[in-house]
Structures are given as C-alpha cells and as structure tokens.
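Only one structure is covered here, and it is reproduced in the block below.
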Amino acid sequence: MRYSISELLDIPKLQTILNSLYEVSGIPSAIIDLEGNILTGSGWQDICTKFHRVNPATEKFCIESDQKITCGLQDHQRHVQITCPMGLTDTATPLIIEGEHLANIFTGQLFLEPPDRGRFELQAERYGFEEAAYLLAMERVPVISQDKLDQNLSFIANLTELLAIQGLTQLRSLEVQECLRESEERVQQIIACAREGIIVYDRGLRYQVWNRYMEQMTGYTADKVLGKLPQEAFPMIEHAGLTERLHRVLAGEAVPSIEFSFQLPVTGRSGWCSDTMAPLKNASGEIVGAIGTVRDTTEAKQTEEQLRQALKMESVGRLAGGVAHDFNNMLTVIMGQAQLAKMKITPDHVLWQALDQISAAAQRSSQITRQLLAFSRKEIIEPRPVDLNQLVEEARKTLLRLIEESITLVCRPGADLWTVKMDPSQVDQVLVNLAVNSRDAMPDGGQLSIQTENVHLSRKSCQYLNDAIPGEYVQLTVSDTGGGMPPEVLEHIFEPFFTTKGLGKGTGLGLATVYGIVRQNGGFINVYSEVGHGTSFKIYLPRINGATAAEPHRRCTDVRIGTGTVLLVEDNDMVREVTRTYLEELGYRVLVAETPEAGIAVCTAKENKIDLVLTDVIMPGMSGNDMVQEIKSLLPDVKVLFMSGYTADLVARSGVVEEGMHFIQKPFDISTLSVKIEDTFLSDD
C-alpha cells in the first residue's frame, strides 16, 4: 500500500484510547507497524524493558517470542498468544486495512496466574539481575485470568474492525485527494502549455489565472497581474471594451468574440489579438467568475493582409492582361502615326505641338500599362548582367529633368560594385518612380540622394528586414529630405492605387511598380521614414554568382537606318500598317503577311530573299512561334524578332521568352524598333 498506517489512522487519538483501556483493564498494549516502529504504547512493564530485553542472555528469549508471534500472524490467525521462557504472556492482533496487513496491536507483559516468586529469584541469580529491583518489577506485572484476557482480546478485535473501517475511509479520502491533486496538476499543465492565453477572473473581475502564453505574449509574469483588475495592469484595455464585456458575462449574457489591436507598455510590441469570454460556474451552476481565452492573431492578420495583397495583385494582373493586348496595339498605332506625321513636318508647323501632345499622352498611357504589368509581374523583361553604377549615371539626365531646380541630386556610387542581373529598362522605372515620389515629398526643395554599395546580410541581420534572406546583395538606396511619412501611410505605400496625392495627381502605381519589379528580380525592398526627417528606400538585389561581367547598355534614342528585306506578319490592320511604314522609313524592303499561313507562303516563293521575320506572337489559327519553326525549316539562317502586346504569361506559353529569342514589347516607337532590329542582326543565333 502506498500509504502508511500513520497516514490512515489518528495515532494520537489511538494512544489516548489505549491509555484509557490500560487504566480500566490494567493490561498493557502497543501498536507496532511491520517495520518495527512503535506507534503507541500503554503500561509497558519494567521487567521487560529494564531487565529481559537489555540482557543479552534473556533478550534472545524475547526475540524468539517475537518470531513466534510474527509467524502466527502471517498464518492469518485472529490472535496469537504465547508465554515466553521468562514466564510472561503476550498476545498480538493483526491490524488489516483493505486486505493489507499494516500493523499489530500487542497486549501483554502479564501473568495468567500469580507468579512463582522462587522462580524469579532463581532467574535474578542466573542472569545477574539485582534481586530486589527485579522482584519489585515482577510484583508490578498485572495478573489477568484467561477469561479476562479473552474479553480484552475480543475488545481489541472489535477495535481493529473499527480501525479498518476508519482506515479504509481515510484511504478513500486520500485517493480522492490525490486524484484531485493529479487532476489539478494536469489542468495546470494544460493551462500552462496551451498555445493560447487562458485567463480566469473572480466575481470582482480580478485576475486569478494567468498562463504561460499570456506571460510570453504580454511580457507580464503572473505575479505581476494576479489579484489586479484588468485596467490596473493594462490601461489600454478600457478602449477595447473588456470591462464592459466582463460585466455582461457575469450577468449571464453571451458575448461574441472580438478582435482588437494592442500595444504593450512593457515591450512596446504591438499587434492584434482575439478575445473570447464565458462564465465560470460552480457545481450548483452559480456564476462565480469568468474565463477568457486570448490568442495572438498578429501573424494571422499579417498573412491575411499578404493574401489580400496577393489577391489584389492577381486582380490587377487580370485587369492588365485583359486590356494590355488591345490597348498596346492601339498605342502602337497612335504613337506610330503621330511620330510618322512629325517626321513629315518641321517644329514650326502648326500641327507640331498637337502631334507632340498626342505622342506624350500615348507615351504616358504606355507607361501606365507598363506599371500595371510590372506590378503584377506580367511584363516581359530581358534581364542581363548590369552595373547599377553605370545605369544610375545614365539615368541622371532623365532624373534631373523630373525633379525641381530647388532639389539637389547627389549620386554616391559604391566602389567595386558587384554585378546584378536585371532588365536595364526596369532600373529606369525604379529610379524614375522613386525620384518622382521624392520630388513630390519636397515641394520646397531639398536633396535627393542615390547611393549604391555591396552588402552581406547574415541570418541575424535578416530578422530586421522584411522578406530578407541571407546572402550577398547590391544595395540601391534612394533617400530624400522631404516631410517623411507616418506609420499609417507606411503600411500601405506598396499597395496598388494607394496614394496620398489629390484627385488626378497620382495613379497610386509608382511604388507598387517598384515593389513588383524588385520582387520579380529576386530582391526585396525596405523603407525607413519619419515625419519631418525624410524617407529612405533601400533596395537589395542579389549578386550574380561567379565573375560575369556587366553588359554595356545602349539606350534607344537614335534611329538606326538599315538594309535588307523584312517579312512583317501581323493580323491587326492598323498595327501592320504603321509598322510597315516604320520599316520603310528605316530603309528596309518590306513584305507583308496578314496571317501565319500567308507568311509561310511568302517564304516558299523562291524570288523572295528574306533577311528578318518580324512577327506578332499570338495570332488566330497559328502562333508566331509555330510559324517561325516552319519558316526556319525553309530558311535556317533567317533572323527573327517577335513582338506582342500580350502579357508575359501568355507570351511565355507560346515559347517566345526562351533564352536567345529576340522580342519587342508593344507599344514601341521607331527608334526602339530600329535598335531591336540591329541587335537581332548582330546576334550569333
């Protein structure tokens, strides 16, 4: 049994009972457990304690008697009675609780008839006892008849039965207490290990339970909040309506779960959490407090926001994809016809300004489409190894035209800058959008700084940068000394169509475009801003592994006149017409086909010597790529330049954006077309 006899019985009370029994009956008694521990003792006789058990020669008789009693009790006898060789009688009754023998009640050190004085005189002489003292001790031993002893043993038997019942009752009580304790410990472990906050309030709304999750979430240990009112520990809780909700719970009202923002005074951490409340009832169903469960939903909220952003990006992508093709075709026609018309007149012509405005509006519309496509990552790009220092220097003139004269442009190129892989035109987009953003933030002038440098990001430093992973990067920093942005604006600056500018003064796509371009190229962007202290955008672009040299970048500013025959395949009449005129203005002989089948037919004619195929990608019946495969079987050395107004995903499905293929995105002007054709002719494919 896991409990001792001392835990099951009231030993001091038993001592009192047995003392009273000795006073009435004169029979000594003792309760001794199986380990030999004496629990009670009443009327023990000196003849045993001071003579027989202290003399080595007589002690062995006591031991033999003890062994006989023990053996008798092990045989499950109700009583064991023996008379020892020294003439004294002892009895023992087992004390059994729930079938387990735990102790013995001894009665004895008595005579069943008056003792033979002469025998004890001889024993004193034989064993060296002081005779007078020994005989005096003998005279004090009670003389009890067998009948009286039997009556005493019957009382002891009844007593053991009562003690067994009491012990069993106490055993059950201890087992219940242990179960309750284990249950409470288990509940405490569950509460402590729960992956949500568990709070218990009493009827006075003071904290009674504050688990480990709440400690980790708030930075407050349980000893700091237990016994306090919520508003005493967290003053901001009043704004969340917590106290009012707790009163409603205590009144038996069901309250819905809520989600609210928080900022903790100890750690300064802010975020979102959900709170659920229910009444705490006792066994009779009376409400004695309230139980609250709290969960930190900050990460879920951020994930939800990211999902919302992703869905918004997808919506923008669908919007861009839906209008890009037709819109880009129309812009190609508008830009082309305006540019061709300007080539026929001089700047002092009455129509020059009107044509110039048409071209500018078409160019601006083209940029808006490109921003939509860049943000949704559906713009077709041609990434290659580039030197950011070179591209920043080349963009300087453009940026100076964009910013006001009161703004100073400062460029700080980093030394021995690593090479990155990116489409140069996208670098222009990033710089222009950030420069325009900085210009608008400095209406009274200031400084615009562009800086590049090599950085190595460790795992530890990435903890403080959004979307960062360890590695080597080229950092492009664009900073201004403008008015800065408050936190509530910073949270939304990369969202499409979000703008703080007035109606008609901004599309809300500039910074969204920057974000899309940076992420499309495997980088990430962080912004640092404080009201009154300016803004700094830090863009991290991954370094190219190996020793790949940056390729020189040529800007499409001049028209390159060429020679040769170009097969133009385009299903849109207006685009075909303006593109044909472009090619003729550039000095090329042009053969025109409205369909891929017609293009193949032109190539089969032996009299047609074709140097370049300029074809749309997606056309009715057959794709441009499939047509080119058939043409290549006839003219293996012919050069090919693809064009399209569709988004990158649709063009990619046609197999055009593979390595080594040449492509021009609609809308395009004559100078861009001339450079693309020249690049195609100069390529090794």
Side-chain angles (χ1 to χ4, degrees), residues 374 377 379 381-403 407-439 447-462 464-481 494 510-511 513-529 534-557 659 675 679:
R377 305 182 196 178
E379 181 187 26
I381 58 174
E382 296 181 81
R384 58 176 180 267
V386 294
D387 180 356
L388 279 186
N389 283 342
Q390 176 194 347
L391 297 180
V392 171
E393 181 59 32
E394 291 177 358
R396 180 192 284 267
K397 291 182 180 179
T398 302
L399 299 180
L400 286 172
R401 288 197 299 268
L402 286 173
I403 61 179
I407 298 175
T408 303
L409 176 62
V410 177
C411 295
R412 299 186 181 92
D416 301 320
L417 201 66
W418 293 328
T419 301
V420 299
K421 192 171 185 180
M422 193 171 178
D423 189 320
S425 66
Q426 289 190 311
V427 178
D428 287 344
Q429 282 183 279
V430 168
L431 292 172
V432 167
N433 281 313
L434 291 180
V436 168
N437 190 73
S438 295
R439 177 199 67 191
Q447 179 174 292
L448 172 62
S449 302
I450 302 176
Q451 181 177 346
T452 58
E453 62 178 313
N454 299 327
V455 295
H456 177 81
L457 297 181
S458 64
R459 187 175 299 277
K460 184 176 181 180
S461 60
C462 286
Y464 309 101
L465 298 171
N466 294 332
D467 303 320
I469 57 175
E472 293 180 329
Y473 295 86
V474 174
Q475 178 180 282
L476 172 64
T477 306
V478 179
S479 306
D480 64 59
T481 57
F494 295 126
L511 294 180
T513 298
V514 172
Y515 179 85
I517 288 173
V518 172
R519 296 298 290 165
Q520 186 178 26
N521 286 278
F524 60 95
I525 182 171
N526 277 260
V527 59
Y528 308 86
S529 187
T535 301
S536 178
F537 289 90
K538 291 189 176 183
I539 296 170
Y540 298 82
L541 297 170
R543 175 190 184 183
I544 294 180
N545 294 326
T548 306
E551 298 178 7
H553 175 51
R554 296 191 303 159
R555 293 183 177 273
C556 301
T557 55
E659 191 73 28
V675 172
D679 287 344

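Below, each value reflects all heavy atoms present in this structure, side chains not excepted, and no hydrogens, waters or symmetry copies.
Put simply, the side chain of Asp387 gets close to the backbone of Asn389: a donor and an acceptor are under 3.5 Å apart. A donor-acceptor contact shorter than 3.5 Å links the side chain of Thr452 to the backbone of Gly414. Not one N or O on the side chain of Thr419 forms a donor-acceptor pair closer than 3.5 Å with the backbone of Arg543.
The two residues Pro470 and Ser458 have their closest heavy-atom pair at CB-C, 4.2 Å. The shortest non-hydrogen separation linking Met422 to Val386 is O-CG1, 3.6 Å. The two residues Ser529 and Thr535 come nearest to each other via the heavy atoms OG-OG1, 2.8 Å.
Within the model, atoms CG of Asp423 and CD of Gln429 stand 8.0 Å from one another, a figure rounded to the nearest 0.5 Å. The CG atom of Asn433 sits 10.0 Å away from atom CZ of Phe537, with the distance rounded to the nearest 0.5 Å. With rounding to the nearest 0.5 angstrom, the CG atom of Leu391 is 11.5 Å from the CD atom of Gln426. Distance check: Ile469 CD1 to Leu457 CG gives 9.5 Å after rounding to the nearest 0.5 Å. Here the CG-CG distance, from Asn437 to Asp480, works out to 7.5 Å after rounding to the nearest 0.5 Å. One finds the CD1 atom of Ile525 at 10.0 Å from the CD1 atom of Ile517 (value rounded to the nearest 0.5 Å).
The shortest distance between side-chain heavy atoms of Pro413 and Glu393 does not fall below 4.5 Å. Contact check for Lys421 versus Pro542: no side-chain heavy atoms found under the 4.5 Å cut-off. Residues Val527 and Leu511 have side chains not in contact (no heavy-atom distance under 4.5 Å, counting atoms from C-beta outward). Taking 4.5 Å as the limit, some side-chain heavy atom of Leu431 sits within range of a side-chain heavy atom of Val392.
Between Tyr473 and Phe524, the angle of the ring planes goes over 60°, which puts this pair in the perpendicular group of the 30/60° scheme.
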Exercise. Show the numbers, then the answer: is there a side chain to side chain donor-acceptor pair (under 3.5 Å) between Gln451 and Ser449?
Key: CA-CA 6 Å; Gln451 181 177 346; Ser449 302; over 6 Å; no
Quiz item: Hey, mind stepping through Val420 and Asn521 against side-chain contact (heavy atoms from CB on, under 4.5 Å) and telling me if it holds?
Solution: CA-CA 9 Å; Val420 299; Asn521 286 278; over 6 Å; no
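Taking Arg412 as the reference, nothing meets the salt bridge (charged side-chain N to carboxylate O under 4.0 Å, His left out) condition, with sequence neighbours excluded. With sequence neighbours left out, Thr481 forms a side-chain hydrogen bond (donor to acceptor under 3.5 Å, both in side chains) with no residue at all.
Checking Thr477 against Gln475 by side-chain atom types alone, a donor-acceptor pair falls below 3.5 Å.
Between Leu448 and the choices Leu434, Thr408, Val410, Ile407, the side chain to side chain contact (heavy atoms under 4.5 Å, CB included) rule is met once, by Ile407.
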